[in-house]
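All heavy atoms count here, side chains included; hydrogens, waters and symmetry mates do not.
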Amino acid sequence: MLKKVASHFKRYNPYSVYAAKSELKGEVGASYLTWMWWILDPVLFMLVYVFITVVVFRSQGKYLPVVVIIGLTVWNFFNKTVMVSVRIVNTFRGIVSKIYIPKYMLILEKLYVNAFKMAISFGIAAAFAAVYKIAPTLNLLWCLPVLLLTLLLTLACSVLAAHFGVYVNDLYNVVQVILRFMFYLSGVFYDVGARLSQIQFLGLDLGRLMITVNPVAYVIDELRKIIIYGQPVRADLYIYWFVISLVLLFAGLKLMYRFENSYIKVV
């Protein structure tokens, strides 16, 4: 199957890239502020969550804006890609009913769009880090493998969501509820380790447990430690989530290739 995936990726990936560029151009053309929204959107949401954290939860932090924007950047990428993937086959049924294209290529288009926006958001995070005089270190290079893991994990979850979304009409609503729950347990606007480490659940450190069972919480926590505190990646957790992501992606692609001929009959 790996050979088949590689062959299809080489053949159909240009379509995904072209479609992603077209979608981004469409967003720019339909907006008065054009590309400025790609900057304003993460900044405005960051300000909202900083306000909620400081005023409502009365929590303070030395680098709170940087903490929040890193969390929002990762979460928005994962959340938007997975959510749109649940109904991706149905959305593009006009295409899949007329020509053959591996269905995960449709997901890749959305992933590329959201990855582009994530890159802009990380640029904003870098600007805020400079404002707070967070000195970059060589450990900053660890962001690259962590971002690779983020892409791999998001693609794996999206492929599985797309497959089961064909057969389960209510899956969109179920995934939406699950992701809302994950949002509050991922430390998007707070530090999972610092806030939950003092809470014990079944005799376990809840902060450590959350990073072990929630991949988004791990990625957010890892990137904060690398960017803000200059720490290296935690190899054990990284390998753990990388292997899980590969297994999930392999399982998702296996299911998609096996049942994709029946998708059009269902949708």
Can you name the residues that form a salt bridge (Lys or Arg N to Asp or Glu O under 4.0 Å) with Glu109, not counting sequence neighbours? none
Side chains of Tyr112 and Glu23, donor plus acceptor under 3.5 Å: no
Quick one: are Trp241 and Ile244 in side-chain contact, heavy atoms under 4.5 Å? yes
Tell me if the OH atom of Tyr100 is crowded by more than 12 foreign heavy atoms within 6.0 Å. yes
Counting only heavy atoms from other residues, nucleotides and ligands, does the tally under 6.0 Å from OH of Tyr167 exceed 12? yes
List the atom of Leu171, the atom of Gly165, and the distance in Å for their closest heavy-atom pair. CD2-N, 3.4 Å
Count the heavy atoms of every other residue, nucleotide or ligand shown that sit under 6.0 Å from CH2 of Trp142, and state whether that count exceeds 12. no
Name the orientation class of the two ring planes belonging to Phe259 and His163 (parallel below 30°, tilted from 30 to 60°, perpendicular beyond 60°). tilted
CG of Leu138: more than 12 outside heavy atoms within 6.0 angstrom? no
Start with the C-alpha distance between Cys143 and Val146, add both sets of side-chain angles, then the distance that settles side chain to side chain contact (heavy atoms under 4.5 Å, CB included), and finish with yes or no. CA-CA 5 Å; Cys143 286; Val146 175; 5.6 Å; no
Under the ring pair (Phe, Tyr, Trp, His ring centres under 6.0 Å) definition, can you give me all pairs with a residue in residues 73-99, not counting sequence neighbours? Trp75-Phe183
Non-neighbouring partners of Asn173 that pass side chain to side chain donor-acceptor pair (under 3.5 Å), sequence neighbours left out: none
Quick one: do Val188 and Val68 satisfy side chain to side chain contact (heavy atoms under 4.5 Å, CB included)? Show the steps, please. CA-CA 6 Å; Val188 175; Val68 172; 5.8 Å; no
Please determine, by modelled atom types, if Arg93 and Asn90 share a side-chain donor-acceptor pair under 3.5 angstrom. yes
Under the side chain to side chain donor-acceptor pair (under 3.5 Å) test against Tyr257, which residue among Lys4, His8, Lys103 passes? His8
